[in-house]
Amino acid sequence: MVDLDLVRAHPELFEAACKAKNIKLDVKAFLALDEKRRKAMAEVQTMQAERNAVSKKMPTLKDKAEKEKVVKEMKALGEKLKEQEAALAVLEADWMNLQLRLPGIPLPSVPKGKDDSENVEVRKHGKIPTFDFDPKDHVALGESLDIIDIPRGVKIAGARSYFLKGDGARLEFALLLFTLDHLKKKGFTAFIPPLLVNYEAMMGTSYFPGGEEMAYAVGVKKSRTQAIESDDVYLIGTSEVSVTSYHGGETLAITDLPKRYCGISNCFRREAGTYGKDTHGLYRIHQFQKVEQVILCENDPDVSANMHQEILKNAEEVLQALKLPYRVVDVCTGDMGQGQIYKNDIETWMPSRKCYGETHSCSTFHDFQSRRLNMKYVAKDGTKKFVHTLNNTCIASPRILIPILEMYQQKDGSVIIPEVLRPYMGGQEKIST
RNA sequence: GGAGAGGUGGCCGAGUGGUCGAUGGCGACAGUCUUGAAAACUGUUAACCCCGCAAGGGGUUCGUGGGUUCGAAUCCCACCCUCUCCGCCA
């Protein structure tokens, strides 16, 4: 959600943002509707004012004939009002639908571009490895070590499904726990959040409206064997949804800020519209586990910019501890989400793909989400302001298993366990057949 | 799943058809008193939206949505949520 006064005063900013982000939205049409809506509101409110004034007088009317006359008039007014209110409700619904699709305006520093091919590399870390043997990819490694079973995952759950098994399952939890401990040292509070959330949480974090087909809705209308009522809850695609919504509707004290939160959760993604894309292995799947950093801070661009760097650094430190080569990119306008105004991806080197693959995504929203979530704080001057929100992945598995397995594989087909993870695996040093 | 109770302002709680955005209390804020504080006393104290440069005016909101009515916190219907008891269960 955006500042409507700003839209009215400077529609061109939002038109430019729509164009840059490839959002099909007619800002002028929205403003025309906004005008129409306000006109209709004025009419309705005038009628309501009259009704209220007469109603207030009603008990004082003693004369029976006069009273009857007034009642008759009010009845007519009431009917007309009902019609106008219904018409206004239609306008409001259309208005809201457009209003929720207005984009956050990218910061001036964000590179212009149409899609991820135009993201701009900021820095690289680590050395791209060479192997003195014929390296396997993570699928082959997972299969030979019996730690990943994709065919059986597909058998029971369909495409993009998998089992992690044995040391594969343990390795994932080691990664998650290591990351949680890392963030604990950085002052983050961990959350195991609801995985099923209501529409408001999806809307508040700006996944809805627009991203409905990306989320699993729970309670199918009809199964093969029986009709089931929908529960109107949705499986989160990231704990950002639950954790950012945690203080929704609240007014925080400035001394409470910044909030450094992290959610650990399963994440569910329908991956609609990605048919045929990244079908191999564990890169793009329907379910995974993630530790996500979430920040709520003051409504100050400098403060949130610093927080952005802080959570970016936290994630980089995890990759450095795992000794994985990665690069950081500035995400271009065309590859940003509706609400994001600045975004970095971290891409980790994946030997089998012979390229860097996105493993982290660090986003600044300013007050875009907090306006939707109605999440404020009392500023130094005593006024209430919307907080700034940010979030970044800290680790997401099993996608991160791709570089780990592939980078740490040995000639004999075994995989060395990264040193920092060994304490979380009972001191185990390698996975072998 | 069965039975019952309930959802009112920052909090507690009154309010069963009209001068009710809502008595009272607590809290918070300001003032009087005090060397200072406490106590006491006095006053102020909701959010959102629309019009307006402003002063100000108007509207909406008593869980949510619908209905009855000239008029709804109050009556009717549906739904959501909370609590208590019983059953079932990780």
Side-chain angles (χ1 to χ4, degrees), chain A residues 1-9 30-100 102 192 194-204 208 217-219 221 226-234 242 245-256 266 367 370-387:
Chain A
M1 192 183 289
V2 299
D3 182 352
L4 282 176
D5 289 334
L6 189 62
V7 184
R8 288 165 190 150
F30 169 74
L31 285 177
L33 183 63
D34 183 54
E35 197 69 38
K36 209 170 154 190
R37 167 181 158 268
R38 282 193 281 175
K39 212 167 259 173
M41 270 176 108
E43 278 174 38
V44 165
Q45 288 181 6
T46 305
M47 289 164 83
Q48 286 171 333
E50 191 186 341
R51 183 200 58 196
N52 291 348
V54 174
S55 283
K56 212 162 199 173
K57 251 190 285 172
M58 192 71 82
T60 65
L61 293 180
K62 297 285 182 269
D63 185 73
K64 211 172 176 184
E66 196 192 343
K67 198 166 183 173
E68 266 170 36
K69 185 174 154 246
V70 173
V71 166
K72 208 170 176 183
E73 280 171 11
M74 283 301 102
K75 200 163 191 168
L77 180 75
E79 270 161 33
K80 216 169 125 198
L81 180 59
K82 203 171 261 183
E83 275 173 37
Q84 296 275 29
E85 281 175 335
L88 178 60
V90 172
L91 281 177
E92 293 268 3
D94 292 347
W95 178 85
M96 182 57 83
N97 195 30
L98 289 181
Q99 198 255 120
L100 286 174
L102 286 164
I192 295 180
L195 306 181
L196 285 165
V197 299
N198 58 23
Y199 188 92
E200 283 65 31
M202 295 299 279
M203 191 277 282
F208 289 178
V218 172
K221 291 275 189 285
Q226 66 177 135
I228 301 170
E229 221 175 293
S230 168
D231 286 310
D232 195 25
V233 287
Y234 305 86
S242 313
S245 301
Y246 184 73
H247 289 293
E250 298 178 17
T251 302
L252 303 167
I254 193 168
T255 49
D256 289 337
N266 281 284
D367 57 5
S370 61
R371 283 175 179 274
R372 291 178 167 227
L373 289 165
N374 190 23
M375 190 156 58
K376 301 179 186 175
Y377 70 102
V378 181
K380 284 193 194 90
D381 62 6
T383 61
K384 289 180 184 176
K385 289 184 173 169
F386 291 106
V387 300

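By convention in this document, chain letters (A, B, ...) are assigned in the order of the sequence lines, proteins followed by strands, and residues within each chain are numbered from 1.
In terms of position along RNA chain B, the nucleotide closest to A:Val44 lies nearer the 5' end than the nucleotide closest to the other residue of the pair A:Val44 and A:Met58. Of the two residues near RNA chain B, A:Asn374 and A:Gln45, the one whose nearest nucleotide lies more 5' is A:Asn374.
Nucleotides B:G9 and B:U44, compared at atom C1', are 15 Å apart to the nearest Å. Taking atom P on both B:U69 and B:U74, the two are 16 Å apart, rounded to the nearest angstrom. Here, B:G52 and B:A46 have their C1' atoms 23 Å apart, quoted to the whole Å. Taking the P atom of each, B:G59 and B:G71 are spaced 16 Å apart, rounded to whole Å. On the P atoms, B:A38 is 16 Å away from B:C26, given to the nearest whole Å. As rounded to the nearest Å, B:C33 and B:A37 have P atoms that lie 12 Å from one another. One P atom belongs to B:G65, the other to B:U60, and the distance between them is 14 Å to the nearest Å. Annotation: B:G17 and B:A72 have their C1' atoms spaced 7 Å apart (nearest Å).
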Walk me through it: do A:Leu252 and A:Glu250 pass the test side-chain contact (heavy atoms from CB on, under 4.5 Å)? CA-CA 6 Å; A:Leu252 303 167; A:Glu250 298 178 17; 4.0 Å; yes
Quick one, A:Lys67 with A:Met58, criterion side-chain contact (heavy atoms from CB on, under 4.5 Å). Give me CA distance, side-chain angles, the key distance, then yes/no. CA-CA 7 Å; A:Lys67 198 166 183 173; A:Met58 192 71 82; 4.3 Å; yes
Apply side-chain contact (heavy atoms from CB on, under 4.5 Å) to A:Glu50 and A:Thr46, showing your working. CA-CA 6 Å; A:Glu50 191 186 341; A:Thr46 305; over 6 Å; no
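The side-chain hydrogen bond (donor to acceptor under 3.5 Å, both in side chains) test applied to A:Asn198 returns no partner, not counting sequence neighbours.
When every heavy atom of A:Lys36 is checked against every heavy atom of A:Leu91, the shortest pair comes out as O-CD1, 4.0 Å. Here the shortest heavy-atom pairing between A:Arg37 and A:Glu92 reads NE-OE1, 3.4 Å. Across A:Leu102 and A:Val7, no two heavy atoms sit closer than the pair CD1-CG2, 4.1 Å.
Using a 4.0 Å heavy-atom cutoff across all strands shown, A:Arg8 reaches sugar-phosphate atoms only and no base atom. Within the 4.0 angstrom heavy-atom criterion, only backbone atoms of the sugar-phosphate kind lie near A:Met41; the bases stay farther away. Using a 4.0 Å heavy-atom cutoff across all strands shown, A:Lys75 reaches sugar-phosphate atoms only and no base atom. Using a 4.0 Å heavy-atom criterion, one finds that A:Lys69 contacts no nucleic acid atom at all. Within 4.0 Å (heavy atoms only), A:Lys376 reaches sugar-phosphate atoms of the nucleic acid but no base atom. When heavy atoms are screened at a 4.0 angstrom cut-off, A:Ala49 is found touching the sugar-phosphate backbone but no base atom.
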Convert the base pairs of RNA chain B into dot-bracket notation, remembering that pairs crossing earlier ones are written with [ ] and that bases paired across to another strand are shown as |; include only Watson-Crick or G-U pairs under 3.5 Å. ((((((((.[[[..)..(.....]]]((((((.......))))))((((((....)))))).[[[[[..)....]]]]])))))))....
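Looking only at side-chain heavy atoms (C-beta outward), A:Val378 and A:Thr251 come within less than 4.5 Å of each other. Here the side chains of A:Lys385 and A:Tyr377 are in contact, with some heavy-atom distance below 4.5 Å.
At least one donor-acceptor pair closer than 3.5 Å links the side chain of A:Arg372 to the backbone N or O of A:Met203.
On the nucleic acid side, RNA chain B contacts chain A at distances under 4.0 Å to non-hydrogen atoms, with the end points of that region at B:G18 to B:G71.
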